[in-house]
Undergrad: 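Could you have a look at this structure, given as structure tokens, before my questions?
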There are 2 protein chains.
Amino acid sequence: MTANQESGNEPSPLALVPFVSVAHMMELINGRGVERVLREIADYIEEDFKNWPQFHKQARVAAHSEDGVIELMPAADAEHYGFKYVNGHPKNMREGLQTVTAFGVLAKVASGYPILISEMTLLTALRTAAMSALAGRELAAPGATTMAMIGNGAQCEFQAIAFKALVGIGSVRLYDVDPAATAKVVRNLANRGLDVVSCASVEEAVEGAQIITTCTAAKRRAVAVADELIRPGVHLNAIGGDCPGKTELAVETLRRASIFVEYEEQTRVEGEIQQLEPSSAVTELWQVLRGEVSGRKDAQEITLFDSVGFAIEDFAALRYVHDRVTAGAAHEELDLLADPDDPRDLFGMILRAQT
Amino acid sequence: MTANQESGNEPSPLALVPFVSVAHMMELINGRGVERVLREIADYIEEDFKNWPQFHKQARVAAHSEDGVIELMPAADAEHYGFKYVNGHPKNMREGLQTVTAFGVLAKVASGYPILISEMTLLTALRTAAMSALAGRELAAPGATTMAMIGNGAQCEFQAIAFKALVGIGSVRLYDVDPAATAKVVRNLANRGLDVVSCASVEEAVEGAQIITTCTAAKRRAVAVADELIRPGVHLNAIGGDCPGKTELAVETLRRASIFVEYEEQTRVEGEIQQLEPSSAVTELWQVLRGEVSGRKDAQEITLFDSVGFAIEDFAALRYVHDRVTAGAAHEELDLLADPDDPRDLFGMILRAQT
């Protein structure tokens, strides 16, 4: 028995909530193709960013401990409410655990009923890359063909494929302090229509790149790419600096760049711009996507997407998965919601389950 | 396939999170007996309330809409982190949906890994009653035998049984504006060792009662029990007034009573005491449970537990369920956490799932 409604033998669809497991998420990605999924998630993010003023927004709700942080990231528009649970525990890796795990829930605002529970470790990797590529499409120099990738960890392949799919890059130049990480990316990106170049240094990686993605396991205030290596016209996609005290660009670089963020209130605390005075000028990306503010202004401008990850991106990704489930994607049904025939008779429902 | 770790055929226990469905929760309650479960949950709440100063506490995180509210209620101590998702949509009942549905998650603070997902509609009903009875045990007149219950909705039976189990009452006197609700409670409480009396009015219900529980669907500022009906020595257990603008006692009653709350910051906004000036005296119940402050002082005192429901109660209830699961209670395992062999190779994990 997986449903609990009492009348008749039909399970109440109201008691059941679709659940997309890790295995089902992989099936969705592989069945549809990762490039297509990244493009589609980017479309959902773009749609939600264009509706930005309609959203109920707030900074994440964090519980910090000695070993890490557990966060809830809620967001809602008039129709849907979503939140993500996500942890960050750097020491986990030493114990054979993942540093970051995540899952999320989508619900209907009108009834408060959850309509989807989904794994979000993989989905977050996808939405982060889709978000970066969406920003890159607006901010990188037209005709950009080459991206340098400093830091070749778990997010690297997703970024490369998203920038191919949405921005049209044909070449990625990889550098990581650990050559094994670079070798892993080279292996995983084989036969995907990308020219993949392993580089021995940051200097070599950024040569000829119109886009530089930094996605390092930045510890404290690091500088992943020295300021003098960042040439006019480059678009910087900074992913790794995403919590207080953790940055990966030099403050000099920030002062030379036009800075774009997801949600200023959150990025001031978590992003590269925590290094700047609170009054420094930044632009929220939704304004660019709505056409209210221009993105890149000229060929010499250095643009920076200071990405920390915002709840609306998770919201969009959950909407996307929910639409796939509705269209038939593989999932389970969880008997999550007590559904007595008479809402006032919750106790009677338990009693009758005895027989 | 329900687990996703790549090496070998053994499912990785790290990828799996136990899930307690509605059916499994009913099995747990019926298998153990509802009185025992209520007593045990009260023990867990008492333990956590005694550790109150060690908790990471915050008011609930609410998203309000025209039709209702969706809330996240997180709490954490040094070992565990928990949160509850709960909605409140009064209009749902007209559409054949539940007004309130809930589920919750327990996680390890040290790793950030979720270790339990549980239905919480039933569990919230249990913990609310366990909390009330725990407060009643400290605050009601010694030897109290009779409880009046104004409002005979979904929470009523749980309250009656919890007060029997923890406070030792032998008689409940029921009143509801809808006689069908009272009839339902009479039916459900048959043969449970309680003397159950249906009453035709509030006046009749409170006759001879040492404890008065108000659990009405209070709309706006209602008065479920007129002030002149509340005699010296009574303990008031006010459950129904639990959000801004929603109360069920007269302000005159509040001024005569010694008031006990869960978490003052939250109760000021949501409880009966929203009717009082913010500086009015209240006592947080954990101080009574720790023996730092006395509960009832004399036989003439009117005591009031102004209950709105606090995250630590859900936390305690989730700990309880987790311990039952660990000890073998029925549950499913959800493939919720992506667990690649190499944490940096999330993309490779997806690739390898294709074959």
Side-chain angles (χ1 to χ4, degrees), chain A residues 1-2 4 14-15 19 21-23 26 29-30 56 61 63 65 67-68 70 72 74 76 81 83 85 87-89 92-93 97-99 101 103 105 107 109-114 119 121-122 125 153-154 157-158 181 184 188 334-339 343-348 350-351 353-354, chain B residues 1-2 4 14-15 19 21-23 26 29-30 56 61 63 65 67-68 70 72 74 76 81 83 85 87-89 92-93 97-99 101 103 105 107 109-114 119 121-122 125 153-154 157-158 181 184 188 334-339 343-348 350-351 353-354:
Chain A
M1 172 163 126
T2 56
N4 57 68
L14 300 174
F19 167 58
S21 67
V22 174
M26 294 197 289
I29 297 166
N30 285 323
H56 174 88
V61 181
S65 66
D67 293 322
I70 296 177
L72 298 173
Y81 170 94
F83 77 87
Y85 170 104
N87 76 294
H89 285 69
N92 273 7
M93 218 189 289
L97 299 171
Q98 310 302 312
T99 302
T101 66
F103 68 91
V105 174
V109 166
S111 66
Y113 270 48
E119 86 80 34
T121 311
L122 298 173
E157 296 93 326
F158 298 97
K184 170 214 67 165
N188 285 337
L334 300 186
D335 169 26
L336 186 68
L337 307 176
D339 189 29
R344 290 182 310 192
D345 199 9
L346 207 54
F347 189 80
I350 299 172
L351 283 185
Q354 274 182 305
Chain B
M1 169 162 131
T2 56
N4 56 70
L14 300 174
F19 166 58
S21 67
V22 174
M26 295 196 291
I29 297 166
N30 285 324
H56 174 89
V61 180
S65 66
D67 294 321
I70 296 176
L72 298 174
Y81 169 94
F83 77 87
Y85 170 106
N87 75 294
H89 286 69
N92 273 7
M93 217 187 289
L97 299 171
Q98 310 303 313
T99 301
T101 65
F103 68 91
V105 173
V109 166
S111 67
Y113 269 49
E119 88 77 36
T121 311
L122 299 172
E157 297 92 328
F158 297 97
K184 170 214 67 162
N188 286 337
L334 300 187
D335 169 26
L336 186 67
L337 307 176
D339 188 30
R344 291 182 308 192
D345 199 9
L346 207 55
F347 189 80
I350 299 172
L351 282 186
Q354 274 182 306

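First the proteins, then the strands, lettered A, B, ... as listed; each starts at 1.
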Undergrad: Output, in order, the C-alpha distance, side-chain angles, deciding distance and verdict of side-chain contact (heavy atoms from CB on, under 4.5 Å) for B:Val105 and B:Tyr85.
TA: CA-CA 9 Å; B:Val105 173; B:Tyr85 170 106; over 6 Å; no
Undergrad: Under 4.5 Å, counting heavy-atom pairs only, tell me which of B:Asn188, B:Asn87, B:Val109 racks up the most with chain A.
TA: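 So the answer, after comparing B:Asn188, B:Asn87, B:Val109, is B:Asn188.
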Undergrad: Highest number of heavy-atom pairs under 4.5 Å with chain A: which of B:Pro343, B:Gly68, B:Ser111?
TA: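 Among B:Pro343, B:Gly68, B:Ser111, the one with the most close pairs to chain A is B:Ser111.
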Undergrad: Mind running side-chain contact (heavy atoms from CB on, under 4.5 Å) on A:Ile350 and B:Phe158 for me, showing each step along the way?
TA: CA-CA 11 Å; A:Ile350 299 172; B:Phe158 297 97; 3.7 Å; yes
Undergrad: So, for B:Val22 and A:Ala338, which heavy atoms are closest and what is the spacing to 0.1 Å?
TA: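 Smallest interatomic distance, heavy atoms only, reads CG2-N, 3.5 Å.
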Undergrad: Which residue out of B:Ala110, B:Ala63, B:Ala76, B:Gly153 racks up the most heavy-atom pairs below 4.5 Å with chain A?
TA: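 Looking at each of B:Ala110, B:Ala63, B:Ala76, B:Gly153 in turn, B:Ala110 comes out on top.
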Undergrad: Measure up the B:Phe103 and A:Phe83 rings against each other and bin them: parallel (under 30°), tilted (30 to 60°), perpendicular (over 60°).
TA: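 B:Phe103 and A:Phe83: parallel rings.
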Undergrad: Between B:Thr121, B:Thr101, B:Ile70, which shows the greatest number of heavy-atom pairs under 4.5 Å with chain A?
TA: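 The answer is B:Ile70.
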Undergrad: Looking only at non-hydrogen atoms, find the nearest pair between A:Ala107 and A:Gly112 and report the distance.
TA: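 Nearest heavy atoms, A:Ala107 then A:Gly112: CB-O, 4.3 Å.
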Undergrad: Could you measure the distance from the OH atom of B:Tyr113 to the CG atom of B:Leu337? Nearest 0.5 Å is fine.
TA: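 The CG atom of B:Leu337 is 6.0 Å from OH of B:Tyr113, to the nearest 0.5 Å.
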Undergrad: Is B:Phe347 close to chain A through its backbone or its side chain, or both, or neither, when contacts mean heavy atoms under 4.5 Å?
TA: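 Backbone plus side chain of B:Phe347, per the 4.5 Å heavy-atom cut-off to chain A.
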Undergrad: At a heavy-atom separation under 4.5 Å, does B:Ala181 approach chain A through its side chain, its backbone, both, or neither?
TA: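 For B:Ala181, the contact with chain A is made by backbone and side chain together.
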Undergrad: Give the member of B:Glu157, B:His89, B:Lys184, B:Met93 that has the highest number of heavy-atom pairs under 4.5 Å with chain A.
TA: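 Ranked by heavy-atom pairs under 4.5 Å with chain A, first place is B:His89.
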Undergrad: Let me know if B:Leu97 has heavy atoms under 4.5 Å from chain A in its side chain, its backbone, both or neither.
TA: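 Contact with chain A: backbone and side chain both.
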Undergrad: Under 4.5 Å from any heavy atom of chain A, what part of B:Asn92 do you find: side chain, backbone, both or neither?
TA: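 Side chain only.
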Undergrad: Top residue by heavy-atom pair count (under 4.5 Å) with chain B, among A:Pro74, A:Gly88, A:Pro114?
TA: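 It is A:Pro114.
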Undergrad: Do you know the tightest heavy-atom contact between A:Ala23 and B:Asp335?
TA: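 It is N-OD2, 3.0 Å.
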Undergrad: Using non-hydrogen atoms and a 4.5 Å limit, figure out which bit of B:Val61 sits close to chain A: side chain, backbone, both or neither.
TA: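 For B:Val61, the side chain is the part near chain A, not the backbone.
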